[in-house]
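What follows is a single structure, written as structure tokens, with notes after it.
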Amino acid sequence: MINEHIIGSPKAQPRVKAFSRGGKAGVFTPKTADSWRKTVEIALKRHADKNLSGAIQVDLNFYFARPKSHFRTGKFSHIMKDDAPKHHLKKPDLDNLAKLPLDVLTKMKYFSDDSQVVKLNITKEYADIFDEGMRITSQVL
């Protein structure tokens, strides 16, 4: 099963955008998460072509870097402010974060389809202990 910590800056799977140009309509997917997708694909490459069947549990923990505004200034700039938030309450949304790694696992044939995931645990928090990135674990139920 998978047990990996992928270092990088997590991005959400972008939604397909519609446009109209010269009376013609079309759609495209923004490339905002392409570098994160490539990082995840490389990190999970050794899990490709397993074609697991049955019910699967996936745990995704996303870690984000704290902004400078969470820290004091001057010679105490390494110390976090007392009022710095504990939880990551900003975008991206959890559901959008989970879509990209599940799509990558489907594409690389770790399982047939992400509909096999019957239990999905997702968290997002600041990278106070772990490096910025994503921790992914999986198991067959």
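Numbering starts at 1 and runs along the sequence shown.
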Side-chain touch Leu102/Val117, heavy atoms, less than 4.5 angstrom = yes
Which atoms form the tightest heavy-atom contact between Leu60 and Met134, and what is the distance?
-> CD2-SD, 3.9 Å
Are Val104 and Leu52 connected, step by step, through hydrophobic side chains (Ile, Leu, Val, Met, Phe, Trp, Tyr) whose heavy atoms are closer than 4.5 Å?
-> yes
Would you name the heavy atoms of Glu132 and Pro10 that are closest together and state the gap between them?
-> CG-CD, 4.0 Å
Would you call Lys11 and Leu100 a side-chain contact if the rule is heavy atoms closer than 4.5 Å?
-> no
With hydrophobic residues grouped by side-chain heavy-atom distances under 4.5 Å, do Val140 and Val58 end up in a single group?
-> yes
Over 12 non-hydrogen atoms of neighbours within 6.0 angstrom of NZ in Lys81 | yes
Sidechain-backbone polar pair: Lys124 side chain, Pro92 backbone, donor-acceptor under 3.5 Å | yes
Polar side chain donor-acceptor pair, Gln116 to Asp114, under 3.5 angstrom | no
Under a single-linkage rule joining Ile, Leu, Val, Met, Phe, Trp and Tyr whose side-chain heavy atoms are separated by less than 4.5 Å, which residues share a cluster with Leu141?
-> Val118
ILVMFWY clustering at 4.5 Å (side-chain atoms), partners of Phe76 | Ile79
Nearest heavy-atom contact between Ile122 and Ala98 is CD1-CB, 3.6 Å
Enclosure of Lys50 NZ (heavy-atom neighbours >12, cutoff 6.0 Å) | yes
Side chains of Asn3 and Thr137: do they bring a donor and an acceptor to under 3.5 Å?
-> no
Do the side chain of Asp93 and the main chain of Asp95 share a donor and acceptor less than 3.5 angstrom apart?
-> no
Identify whether the distance between the nearest side-chain nitrogen and carboxylate oxygen of Arg66 and Glu125 falls below 4.0 Å.
-> no
May I ask you to list the residues sharing a hydrophobic cluster with Ile7, side-chain cutoff 4.5 Å, ordered by chain and number?
-> none
In terms of heavy-atom contacts, Ser112 and Thr106 come closest through O-CG2, 3.8 Å
Indicate yes or no: at least one non-hydrogen side-chain atom of His70 is less than 4.5 angstrom from one of Pro67.
-> yes
Okay, side chain of Lys99, backbone of Ala12: is any donor-acceptor separation there less than 3.5 Å?
-> no
Between Tyr63 and Asp131, the two heavy atoms sitting closest are CB-O, 3.7 Å
Closest non-hydrogen atoms of Phe111 and Ile56, given as atom of the first, atom of the second and distance, are CD2-CD1, 3.5 Å
Check whether any side-chain N or O of Ser138 sits under 3.5 Å from a backbone N or O of Gln57 as a donor-acceptor pair, and report yes or no.
-> no
Electrostatic pair Glu41:Lys107 at N-O distance under 4.0 angstrom | yes
Could you tell me if the ring centre of Phe130 sits under 6.0 Å from that of His5?
-> yes
Return yes if a side-chain donor-acceptor contact under 3.5 Å exists between Asn61 and Thr123, otherwise no.
-> yes
With the side chain counted from C-beta on, respond yes when Phe62 and Arg135 share a heavy-atom pair under 4.5 Å apart, and no when they do not.
-> no
Parallel, tilted or perpendicular: which describes the rings of Phe64 and His88, with under 30° parallel and over 60° perpendicular?
-> parallel
Hey, does the side chain of His87 reach the backbone of Tyr126 with a donor-acceptor pair shorter than 3.5 angstrom?
-> no
For the residue pair His47 and Tyr110, categorise the inter-ring angle as parallel (less than 30°), tilted (30 to 60°) or perpendicular (more than 60°).
-> perpendicular
Are Ile42 and Ile2 joined in one hydrophobic group, where the rule is that I, L, V, M, F, W and Y side chains link up if heavy atoms are under 4.5 Å apart?
-> no
Check: Leu105 and Ile136 side chains under 4.5 Å, non-hydrogen atoms | yes
